[in-house]
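Each residue takes its place number in the sequence, starting with 1.
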Amino acid sequence: MKNLNRFFTLVLVAAALLAFLAVPVSAYSQKKTKQETLALFPDNVSPIFNSSCIGCHSDQSNGKAKTFLNFSEWDKLDAKDQAKTAKQIRKVVSKGAMPPAGFLNKKPEAALSAEQVANIFAWSKTVKKGH
Ligand code: HEC
């Protein structure tokens, strides 16, 4: 009888532990919808990322671009990594390296205007200051 009680207590503790662990694990692996991804960014840049970037750089994409930069995982970066990533975004945008030329041949409307580039720059600098 005593052994049986001990066994059930053990099973209960193990079940509670598993339930406790399963919550954060599933929250981490959950993919964001396009809307959830865009909501991570302020209104002056999220429409730009939407039309020119997240088709390749988000949970919605299956290509390799996501392994370089995934806008859907922005909230998983700490302040330092967000600043680093914002700086990287500023760099590729100012060089005209992103969106890639091959993509712009097929979708010229995704090319960034001077105003859009300026918005990305302004946003990226606020991230650098840790906002
Ligand atoms: C057609 C798909 C596509 C689109 C659209 C796109 N990218 Fe990329 N991006 C890539 C790929 C692929 C890579 C991987 C590196 C490479 O091939 O140049 C990449 C790499 C990057 C990197 C990492 C560069 C590095 O040196 O590690 C950044 C930052 C980036 N993109 C930002 C952006 C931003 C910002 C936009 C929108 C203005 C954008 N990308 C639009 C496909 C895309």
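Among residues two or more places apart in sequence or in another chain, the side-chain contact (heavy atoms from CB on, under 4.5 Å) test is passed with Leu77 by Trp74, Asp81, Gln82, Thr85. Applying the side-chain hydrogen bond (donor to acceptor under 3.5 Å, both in side chains) criterion to Thr37, with sequence neighbours excluded, gives Ser72. Under the rule for a side-chain contact (heavy atoms from CB on, under 4.5 Å), the partners of Pro100 that lie at least two apart in sequence or sit in another chain are Met98, Phe103. With sequence neighbours left out, the side-chain hydrogen bond (donor to acceptor under 3.5 Å, both in side chains) criterion links Asn119 to no other residue. A search for side-chain contact (heavy atoms from CB on, under 4.5 Å) contacts involving Cys56 returns Ala65, not counting sequence neighbours. The salt bridge (Lys or Arg N to Asp or Glu O under 4.0 Å) search around Lys66 returns none, not counting sequence neighbours. When the side-chain contact (heavy atoms from CB on, under 4.5 Å) test is applied to Ser52, the partners found at least two apart in sequence or on another chain are Pro99, Ala110, Leu112.
Within the structure, the side-chain hydrogen bond (donor to acceptor under 3.5 Å, both in side chains) test picks out the following pairs touching residues 86-100 (sequence neighbours left out): Arg90-Ser124. Screening residues 42-67 for ring-ring contact (aromatic ring centres under 6.0 Å, His included) gives Phe41-Phe49, Phe49-Phe71, Phe49-Trp123 as the qualifying pairs, with residues at least two apart or on separate chains. Residue pairs satisfying the salt bridge (charged side-chain N to carboxylate O under 4.0 Å, His left out) criterion with at least one member in residues 99-113, sequence neighbours excluded, are absent.
Interatomic distance, CD1 of Ile48 versus CG of Leu38, reported as 11.5 Å (0.5 Å rounding). Rounding to the nearest 0.5 angstrom, the gap separating the CD1 atom in Ile120 from the NZ atom in Lys125 is 13.0 Å. The line from NZ of Lys34 to CG of Asp59 is 13.5 Å long, rounded to the nearest 0.5 Å.
Under a cut-off of 6.0 angstrom, the local environment of CG in Asp78 is crowded, with over 12 non-hydrogen atoms contributed by other residues, nucleotides or ligands.
Neither Ile54 nor Phe68 shares a network with the other; the hydrophobic side chains, linked directly or stepwise wherever heavy atoms of I, L, V, M, F, W or Y lie under 4.5 Å apart, form separate groups for each. Put simply, Leu104 and Val117 are part of two different groups of oily side chains (I, L, V, M, F, W, Y) that touch within less than 4.5 Å, one to the next.
When atom types are taken as modelled, the side chain of Glu73 and the backbone of Asn70 share no donor-acceptor pair closer than 3.5 angstrom.
Other members of the cluster containing Leu12 do not exist, because no ILVMFWY side chain is joined to it at under 4.5 Å. Cluster note: Leu10 groups with no other residue, as no ILVMFWY side-chain heavy atom lies under 4.5 Å from it.
When all heavy atoms are compared, the tightest approach of Lys64 to Thr67 is O-OG1, 2.6 Å. For Ser61 against Gly63, the heavy-atom pair with the smallest separation is OG-N, 3.1 Å.
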